[in-house]
Protein chains: 2
Amino acid sequence: MADIESATAQKLLKAFMQFRKTGWHDKKISGHNPSEFKVLATIQQGANEKDYEMKLSEISQRLQVTPPTVTQIINNLEKDGLVERTVDPEDRRAVKIKLTPTGMEATAKARIRFTETFTGLIDYLGEEESEQFADLLTKVQHYFSELNR
Amino acid sequence: MADIESATAQKLLKAFMQFRKTGWHDKKISGHNPSEFKVLATIQQGANEKDYEMKLSEISQRLQVTPPTVTQIINNLEKDGLVERTVDPEDRRAVKIKLTPTGMEATAKARIRFTETFTGLIDYLGEEESEQFADLLTKVQHYFSELNR
DNA sequence: TCATATTACTTAGGTAACTTAATAATTAAC
DNA sequence: GTTAATTATTAAGTTACCTAAGTAATATGA
(Lines give C-alpha, C1' and ligand atoms only; values in the text may rest on other atoms or scores of the structure.)
Protein backbone atom coordinates (compact mmCIF):
# COMPACT_ATOMS: atom_id res chain seq x y z
CA MET A 1 0.00 0.00 0.00
CA ALA A 2 1.39 3.39 -0.98
CA ASP A 3 2.30 5.76 1.81
CA ILE A 4 -0.71 7.67 3.05
CA GLU A 5 1.01 11.03 2.79
CA SER A 6 2.49 10.21 -0.61
CA ALA A 7 3.63 13.13 -2.72
CA THR A 8 2.11 11.40 -5.72
CA ALA A 9 -1.30 11.40 -4.09
CA GLN A 10 -1.05 15.14 -3.46
CA LYS A 11 0.18 15.72 -6.97
CA LEU A 12 -2.66 13.68 -8.42
CA LEU A 13 -5.26 15.47 -6.36
CA LYS A 14 -3.94 18.82 -7.49
CA ALA A 15 -3.84 17.69 -11.11
CA PHE A 16 -7.41 16.44 -10.88
CA MET A 17 -8.59 19.74 -9.49
CA GLN A 18 -6.78 21.77 -12.11
CA PHE A 19 -8.04 19.55 -14.87
CA ARG A 20 -11.57 20.03 -13.66
CA LYS A 21 -11.24 23.74 -14.30
CA THR A 22 -10.08 23.47 -17.90
CA GLY A 23 -13.57 24.10 -19.15
CA TRP A 24 -13.15 21.83 -22.16
CA HIS A 25 -16.80 21.14 -21.70
CA ASP A 26 -18.30 24.46 -20.72
CA LYS A 27 -18.72 26.50 -23.87
CA LYS A 28 -21.93 26.97 -25.72
CA ILE A 29 -21.93 26.24 -29.42
CA SER A 30 -24.19 28.52 -31.43
CA GLY A 31 -26.37 29.16 -28.43
CA HIS A 32 -26.78 25.58 -27.24
CA ASN A 33 -25.55 24.07 -24.01
CA PRO A 34 -23.18 21.15 -23.58
CA SER A 35 -25.89 19.05 -21.97
CA GLU A 36 -28.11 19.67 -24.98
CA PHE A 37 -25.38 18.54 -27.34
CA LYS A 38 -24.79 15.41 -25.39
CA VAL A 39 -28.42 14.51 -25.93
CA LEU A 40 -28.26 15.43 -29.61
CA ALA A 41 -25.12 13.34 -30.09
CA THR A 42 -26.72 10.40 -28.33
CA ILE A 43 -29.78 10.55 -30.54
CA GLN A 44 -27.57 10.73 -33.61
CA GLN A 45 -25.57 7.73 -32.45
CA GLY A 46 -28.75 5.71 -32.20
CA ALA A 47 -29.79 6.79 -35.66
CA ASN A 48 -26.39 5.73 -37.01
CA GLU A 49 -26.31 2.34 -35.33
CA LYS A 50 -29.48 1.32 -37.09
CA ASP A 51 -32.35 3.22 -38.60
CA TYR A 52 -33.61 3.85 -35.19
CA GLU A 53 -35.49 6.46 -33.25
CA MET A 54 -34.35 6.47 -29.68
CA LYS A 55 -36.67 6.37 -26.72
CA LEU A 56 -36.27 8.97 -24.04
CA SER A 57 -35.49 6.29 -21.50
CA GLU A 58 -32.64 4.99 -23.63
CA ILE A 59 -31.10 8.44 -23.81
CA SER A 60 -31.36 8.59 -20.06
CA GLN A 61 -29.59 5.24 -19.73
CA ARG A 62 -26.85 6.01 -22.19
CA LEU A 63 -26.06 9.36 -20.62
CA GLN A 64 -26.53 8.06 -17.08
CA VAL A 65 -28.88 10.78 -16.02
CA THR A 66 -32.41 10.46 -14.72
CA PRO A 67 -35.40 10.61 -17.06
CA PRO A 68 -36.65 13.99 -15.76
CA THR A 69 -33.33 15.50 -16.73
CA VAL A 70 -33.72 14.21 -20.27
CA THR A 71 -37.34 15.36 -20.44
CA GLN A 72 -36.25 18.90 -19.65
CA ILE A 73 -33.40 18.94 -22.11
CA ILE A 74 -35.67 17.53 -24.79
CA ASN A 75 -38.21 20.24 -23.98
CA ASN A 76 -35.63 22.91 -24.72
CA LEU A 77 -34.39 21.18 -27.84
CA GLU A 78 -37.92 20.78 -29.12
CA LYS A 79 -38.70 24.42 -28.39
CA ASP A 80 -35.64 25.35 -30.45
CA GLY A 81 -36.75 23.04 -33.24
CA LEU A 82 -33.75 20.70 -33.07
CA VAL A 83 -35.71 17.64 -32.12
CA GLU A 84 -39.17 16.09 -32.49
CA ARG A 85 -41.13 13.92 -30.13
CA THR A 86 -43.42 11.16 -31.38
CA VAL A 87 -45.44 8.73 -29.34
CA ASP A 88 -44.24 5.20 -29.96
CA PRO A 89 -47.14 3.37 -31.65
CA GLU A 90 -45.91 0.07 -30.20
CA ASP A 91 -45.99 1.36 -26.66
CA ARG A 92 -47.97 4.49 -26.20
CA ARG A 93 -46.29 5.33 -22.88
CA ALA A 94 -42.99 5.73 -24.66
CA VAL A 95 -41.71 8.72 -26.57
CA LYS A 96 -39.36 8.50 -29.53
CA ILE A 97 -37.02 11.34 -30.25
CA LYS A 98 -35.82 12.30 -33.71
CA LEU A 99 -33.47 15.00 -34.94
CA THR A 100 -34.96 17.60 -37.26
CA PRO A 101 -32.83 18.81 -40.19
CA THR A 102 -31.90 21.83 -38.06
CA GLY A 103 -30.97 19.48 -35.26
CA MET A 104 -28.78 17.42 -37.53
CA GLU A 105 -27.01 20.53 -38.70
CA ALA A 106 -26.39 21.72 -35.16
CA THR A 107 -25.14 18.30 -34.13
CA ALA A 108 -22.78 18.12 -37.06
CA LYS A 109 -21.44 21.58 -36.29
CA ALA A 110 -20.82 20.67 -32.66
CA ARG A 111 -19.19 17.41 -33.59
CA ILE A 112 -16.81 19.22 -35.89
CA ARG A 113 -16.03 21.71 -33.16
CA PHE A 114 -15.24 19.02 -30.63
CA THR A 115 -13.27 16.97 -33.10
CA GLU A 116 -11.16 20.01 -33.96
CA THR A 117 -10.47 20.68 -30.32
CA PHE A 118 -9.44 17.10 -29.68
CA THR A 119 -7.46 16.84 -32.88
CA GLY A 120 -5.55 19.88 -31.66
CA LEU A 121 -4.96 18.10 -28.37
CA ILE A 122 -3.58 15.09 -30.20
CA ASP A 123 -1.20 17.35 -32.10
CA TYR A 124 -0.13 18.86 -28.81
CA LEU A 125 0.42 15.56 -26.99
CA GLY A 126 1.40 13.36 -29.89
CA GLU A 127 -0.51 10.29 -30.99
CA GLU A 128 1.14 7.95 -28.52
CA GLU A 129 0.60 10.01 -25.40
CA SER A 130 -2.95 10.76 -26.51
CA GLU A 131 -3.75 7.08 -26.68
CA GLN A 132 -2.10 6.59 -23.33
CA PHE A 133 -4.10 9.41 -21.84
CA ALA A 134 -7.39 8.05 -23.15
CA ASP A 135 -6.54 4.63 -21.73
CA LEU A 136 -5.60 6.09 -18.39
CA LEU A 137 -8.79 8.12 -18.22
CA THR A 138 -10.75 4.95 -18.81
CA LYS A 139 -8.77 3.01 -16.25
CA VAL A 140 -9.23 5.73 -13.65
CA GLN A 141 -12.90 5.81 -14.40
CA HIS A 142 -13.06 2.09 -13.66
CA TYR A 143 -11.36 2.63 -10.35
CA PHE A 144 -13.87 5.22 -9.29
CA SER A 145 -16.88 3.31 -10.53
CA GLU A 146 -15.79 0.36 -8.40
CA LEU A 147 -15.26 2.60 -5.40
CA ASN A 148 -18.86 3.72 -5.55
CA ARG A 149 -20.31 0.30 -4.87
CA MET B 1 -1.97 17.75 -38.38
CA ALA B 2 -3.86 14.66 -37.24
CA ASP B 3 -6.74 13.49 -39.39
CA ILE B 4 -9.92 15.36 -38.60
CA GLU B 5 -11.97 12.18 -38.28
CA SER B 6 -9.29 10.43 -36.25
CA ALA B 7 -10.37 7.47 -34.18
CA THR B 8 -8.11 8.73 -31.42
CA ALA B 9 -10.02 12.00 -31.26
CA GLN B 10 -13.30 10.12 -30.89
CA LYS B 11 -11.78 7.84 -28.30
CA LEU B 12 -10.42 10.77 -26.34
CA LEU B 13 -13.72 12.62 -26.43
CA LYS B 14 -15.53 9.54 -25.17
CA ALA B 15 -12.94 9.01 -22.44
CA PHE B 16 -13.25 12.64 -21.37
CA MET B 17 -17.00 12.35 -21.12
CA GLN B 18 -16.87 9.13 -19.15
CA PHE B 19 -14.25 10.50 -16.84
CA ARG B 20 -16.41 13.51 -16.17
CA LYS B 21 -19.07 11.22 -14.75
CA THR B 22 -16.82 9.42 -12.27
CA GLY B 23 -17.99 11.64 -9.46
CA TRP B 24 -14.61 11.58 -7.71
CA HIS B 25 -15.51 15.04 -6.66
CA ASP B 26 -19.22 14.90 -5.86
CA LYS B 27 -19.60 13.37 -2.45
CA LYS B 28 -20.26 15.28 0.70
CA ILE B 29 -17.96 14.65 3.64
CA SER B 30 -19.70 14.85 7.01
CA GLY B 31 -22.36 17.12 5.60
CA HIS B 32 -20.11 19.55 3.76
CA ASN B 33 -19.91 20.15 0.04
CA PRO B 34 -16.86 19.75 -2.18
CA SER B 35 -16.82 23.46 -2.92
CA GLU B 36 -16.73 24.17 0.78
CA PHE B 37 -13.79 21.85 1.26
CA LYS B 38 -11.89 23.45 -1.55
CA VAL B 39 -12.18 26.75 0.26
CA LEU B 40 -11.19 25.18 3.58
CA ALA B 41 -8.18 23.50 2.01
CA THR B 42 -7.11 26.76 0.39
CA ILE B 43 -7.30 28.61 3.68
CA GLN B 44 -5.29 25.88 5.34
CA GLN B 45 -2.67 26.02 2.63
CA GLY B 46 -2.21 29.73 3.26
CA ALA B 47 -1.91 29.14 6.97
CA ASN B 48 0.76 26.49 6.31
CA GLU B 49 2.81 28.55 3.91
CA LYS B 50 3.33 31.20 6.51
CA ASP B 51 1.45 32.23 9.60
CA TYR B 52 -1.05 33.87 7.44
CA GLU B 53 -4.74 34.64 7.34
CA MET B 54 -5.96 34.64 3.82
CA LYS B 55 -8.03 37.39 2.27
CA LEU B 56 -11.24 36.47 0.54
CA SER B 57 -9.88 37.86 -2.72
CA GLU B 58 -6.89 35.58 -2.53
CA ILE B 59 -9.08 32.54 -2.07
CA SER B 60 -11.01 33.67 -5.11
CA GLN B 61 -7.80 33.97 -7.14
CA ARG B 62 -6.36 30.66 -6.04
CA LEU B 63 -9.55 28.77 -6.76
CA GLN B 64 -10.24 30.72 -9.93
CA VAL B 65 -13.78 31.58 -9.04
CA THR B 66 -15.35 35.01 -8.70
CA PRO B 67 -15.46 36.78 -5.33
CA PRO B 68 -19.24 36.46 -4.91
CA THR B 69 -18.84 32.71 -5.12
CA VAL B 70 -16.34 32.77 -2.30
CA THR B 71 -18.48 35.15 -0.25
CA GLN B 72 -21.35 32.70 -0.39
CA ILE B 73 -19.29 29.67 0.45
CA ILE B 74 -17.69 31.53 3.35
CA ASN B 75 -21.18 32.50 4.56
CA ASN B 76 -22.11 28.85 4.81
CA LEU B 77 -18.85 27.85 6.41
CA GLU B 78 -19.18 30.63 8.95
CA LYS B 79 -22.77 29.66 9.70
CA ASP B 80 -21.51 26.14 10.39
CA GLY B 81 -18.73 27.47 12.60
CA LEU B 82 -15.85 26.20 10.46
CA VAL B 83 -14.45 29.59 9.63
CA GLU B 84 -14.21 33.10 11.03
CA ARG B 85 -14.20 36.44 9.28
CA THR B 86 -12.19 39.38 10.56
CA VAL B 87 -11.82 42.80 9.01
CA ASP B 88 -8.21 43.40 7.99
CA PRO B 89 -6.94 46.25 10.20
CA GLU B 90 -4.47 47.25 7.48
CA ASP B 91 -7.18 47.58 4.85
CA ARG B 92 -10.65 47.80 6.20
CA ARG B 93 -12.24 46.86 2.87
CA ALA B 94 -10.63 43.47 3.08
CA VAL B 95 -11.77 40.43 5.03
CA LYS B 96 -9.42 37.84 6.45
CA ILE B 97 -10.60 34.29 6.83
CA LYS B 98 -9.41 31.92 9.51
CA LEU B 99 -10.23 28.30 10.31
CA THR B 100 -11.81 27.62 13.67
CA PRO B 101 -10.75 24.48 15.57
CA THR B 102 -13.86 22.77 14.21
CA GLY B 103 -12.88 23.92 10.75
CA MET B 104 -9.40 22.52 11.11
CA GLU B 105 -10.80 19.21 12.22
CA ALA B 106 -13.19 19.04 9.27
CA THR B 107 -10.42 19.99 6.87
CA ALA B 108 -8.10 17.34 8.25
CA LYS B 109 -10.83 14.73 7.97
CA ALA B 110 -11.53 15.64 4.37
CA ARG B 111 -7.86 15.66 3.50
CA ILE B 112 -7.47 12.18 4.90
CA ARG B 113 -10.49 11.03 2.95
CA PHE B 114 -9.15 12.40 -0.30
CA THR B 115 -5.66 11.11 0.33
CA GLU B 116 -7.06 7.64 0.96
CA THR B 117 -9.01 7.72 -2.25
CA PHE B 118 -6.01 8.81 -4.25
CA THR B 119 -3.68 6.43 -2.52
CA GLY B 120 -6.07 3.73 -3.57
CA LEU B 121 -5.89 4.98 -7.11
CA ILE B 122 -2.11 4.83 -7.01
CA ASP B 123 -2.30 1.24 -5.84
CA TYR B 124 -4.66 0.52 -8.70
CA LEU B 125 -2.57 2.18 -11.42
CA GLY B 126 0.89 1.67 -10.00
CA GLU B 127 3.26 4.45 -9.06
CA GLU B 128 4.63 4.94 -12.54
CA GLU B 129 1.35 5.23 -14.38
CA SER B 130 0.01 7.47 -11.63
CA GLU B 131 2.86 9.91 -12.14
CA GLN B 132 2.31 9.71 -15.87
CA PHE B 133 -1.36 10.36 -15.46
CA ALA B 134 -0.79 13.38 -13.25
CA ASP B 135 1.68 14.78 -15.77
CA LEU B 136 -0.70 14.19 -18.63
CA LEU B 137 -3.54 15.86 -16.79
CA THR B 138 -1.34 18.89 -16.26
CA LYS B 139 -0.23 18.93 -19.86
CA VAL B 140 -3.78 18.68 -21.12
CA GLN B 141 -4.78 21.46 -18.80
CA HIS B 142 -2.08 23.63 -20.39
CA TYR B 143 -3.43 22.89 -23.83
CA PHE B 144 -6.91 23.97 -22.87
CA SER B 145 -5.83 27.04 -20.99
CA GLU B 146 -3.96 28.19 -24.11
CA LEU B 147 -6.97 27.48 -26.28
CA ASN B 148 -9.07 29.85 -24.21
CA ARG B 149 -7.04 32.90 -25.05
C1' DT C 1 -61.12 -10.47 -17.43
C1' DC C 2 -60.46 -7.30 -14.32
C1' DA C 3 -57.92 -5.53 -10.48
C1' DT C 4 -53.22 -4.73 -9.36
C1' DA C 5 -48.52 -3.93 -10.30
C1' DT C 6 -45.15 -2.11 -13.23
C1' DT C 7 -43.26 0.90 -16.69
C1' DA C 8 -42.55 5.42 -19.31
C1' DC C 9 -42.68 9.83 -19.11
C1' DT C 10 -43.84 14.41 -17.09
C1' DT C 11 -44.50 17.98 -13.48
C1' DA C 12 -43.14 20.34 -9.54
C1' DG C 13 -39.88 21.76 -6.67
C1' DG C 14 -35.17 21.74 -4.97
C1' DT C 15 -29.86 22.01 -4.86
C1' DA C 16 -24.84 22.99 -5.87
C1' DA C 17 -21.78 25.71 -7.93
C1' DC C 18 -21.13 28.81 -10.36
C1' DT C 19 -22.03 33.67 -13.06
C1' DT C 20 -22.89 39.00 -13.95
C1' DA C 21 -24.42 43.56 -12.52
C1' DA C 22 -25.08 46.81 -9.14
C1' DT C 23 -23.86 48.78 -4.64
C1' DA C 24 -21.34 50.08 -0.22
C1' DA C 25 -17.22 51.07 1.94
C1' DT C 26 -12.61 52.13 1.92
C1' DT C 27 -8.14 53.34 0.10
C1' DA C 28 -5.06 55.27 -3.64
C1' DA C 29 -3.76 58.70 -6.97
C1' DC C 30 -3.34 63.01 -9.11
C1' DG D 1 -9.95 66.55 -2.05
C1' DT D 2 -12.26 64.98 -5.63
C1' DT D 3 -12.00 61.07 -8.66
C1' DA D 4 -10.69 56.51 -9.62
C1' DA D 5 -9.77 51.99 -8.20
C1' DT D 6 -10.19 48.13 -5.09
C1' DT D 7 -12.62 44.80 -1.77
C1' DA D 8 -16.33 42.61 -0.57
C1' DT D 9 -21.36 41.89 -0.58
C1' DT D 10 -26.21 41.56 -2.32
C1' DA D 11 -29.42 40.30 -5.71
C1' DA D 12 -30.79 37.77 -9.32
C1' DG D 13 -29.92 34.43 -12.93
C1' DT D 14 -28.03 29.97 -15.15
C1' DT D 15 -26.74 25.09 -15.88
C1' DA D 16 -27.15 20.63 -14.94
C1' DC D 17 -28.51 17.87 -12.18
C1' DC D 18 -31.74 15.47 -8.48
C1' DT D 19 -36.08 13.35 -5.81
C1' DA D 20 -40.94 12.70 -5.12
C1' DA D 21 -45.35 12.55 -6.80
C1' DG D 22 -48.56 12.13 -10.61
C1' DT D 23 -50.60 10.43 -15.18
C1' DA D 24 -51.28 7.23 -18.62
C1' DA D 25 -50.53 2.92 -20.69
C1' DT D 26 -49.21 -1.87 -20.58
C1' DA D 27 -48.35 -6.37 -18.31
C1' DT D 28 -49.50 -9.88 -14.85
C1' DG D 29 -52.05 -13.40 -12.57
C1' DA D 30 -56.02 -15.18 -9.93
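Quick note on labels: first sequence line is chain A, next is B, and so on, each numbered from 1. Computed from a predicted structure; not experimentally measured. These numbers come from the heavy atoms of this one structure, side chains and all, not from hydrogens, waters or symmetry mates.
Between Ala134(A) and Ala15(B), the closest heavy-atom pair is O-CB, 3.8 Å. When all heavy atoms of Thr8(B) and Ser130(A) are compared, the pair lying nearest together is CG2-CB, 4.0 Å.
Of the candidates Gln45(A), Glu58(A), Lys98(A), Glu58(A) is the only one forming a side-chain hydrogen bond (donor to acceptor under 3.5 Å, both in side chains) with Tyr52(A).
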Output a table of nitrogen or oxygen pairs between the protein and nucleotides 27-30 of chain C separated by less than 3.5 Å.
from	atom 1	to	atom 2	distance (Å)
dT27(C)	OP1	Arg92(B)	N	2.9

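The OG1 atom of Thr117(B) sits 10.0 Å away from the CZ atom of Phe16(A) when rounded to the nearest 0.5 Å. Remark: Ile43(B) CD1 to Ile59(B) CD1 distance equals 4.0 Å, nearest 0.5 Å. The distance from the NZ atom of Lys96(B) to the CG atom of Asp91(B) is 9.5 Å, given to the nearest 0.5 Å.
Ring planes of Phe37(A) and His32(A): perpendicular class, angle over 60° (limits at 30 and 60°).
Distance Phe37(B) CZ to dA17(C) P: 11 Å, rounded to the nearest Å. What separates CD of Gln61(A) from P of dT7(C) is a distance of 12 Å, to the nearest Å. One can place NZ of Lys28(B) at 12 Å from C1' of dA17(C), the figure rounded to the nearest angstrom. Rounded to whole Å, the distance from CG on Asp26(A) to P on dA17(C) is 15 Å. Atom pair Glu78(A):CD and dC9(C):C1' shows a separation of 13 Å (rounding to whole Å applied).
Within 6.0 Å of atom NZ in Lys109(B), 12 or fewer heavy atoms from other residues, nucleotides or ligands are found, so the atom counts as exposed in its surroundings. Counted within 6.0 Å of CD on Glu128(B), heavy atoms from surrounding residues, nucleotides or ligands total 12 or fewer; the atom is thus considered open.
Here Lys21(B) lies out of heavy-atom contact (under 4.0 Å) with every strand. At the heavy-atom level, Thr71(B) lies under 4.0 Å from base atoms of the strands shown. Using a 4.0 Å heavy-atom cutoff across all strands shown, Arg85(B) reaches sugar-phosphate atoms only and no base atom. Among the heavy atoms of the strands, none lies under 4.0 Å from Lys96(B). Among the heavy atoms of the strands lying under 4.0 Å from Thr66(B) is at least one base atom, whether or not backbone atoms are also near. Residue Thr69(A) is classed as a base contact, given a heavy-atom separation below 4.0 Å to a base.
Closest contact between the side chain of Pro68(A) and the listed nucleotides dA16(C), dC9(C), dA12(C) involves dA12(C). Residue Ala94(A) places its side chain closer to dC9(C) than to any other of dC9(C), dT20(C), dC18(C). Distances were taken from every side-chain heavy atom of Lys55(A) (C-beta onward) to each of dA8(C), dT10(C), dC18(C); the shortest belongs to dA8(C).
Sequence order on DNA chain C of the closest nucleotides to Leu56(A) and Val65(B) puts Leu56(A) first from the 5' end. Judged by closest nucleotide on DNA chain D, Glu58(B) is the one of Glu58(B) and Arg20(B) placed further toward the 5' end.
Using modelled atom types, one side-chain atom of Thr100(A) and one backbone atom of Gly81(A) make a donor-acceptor pair closer than 3.5 Å.
Protein chain A contacts DNA chain D from dT15(D) to dT26(D), reading 5' to 3' and using non-hydrogen atoms of the protein with a distance under 4.0 Å.
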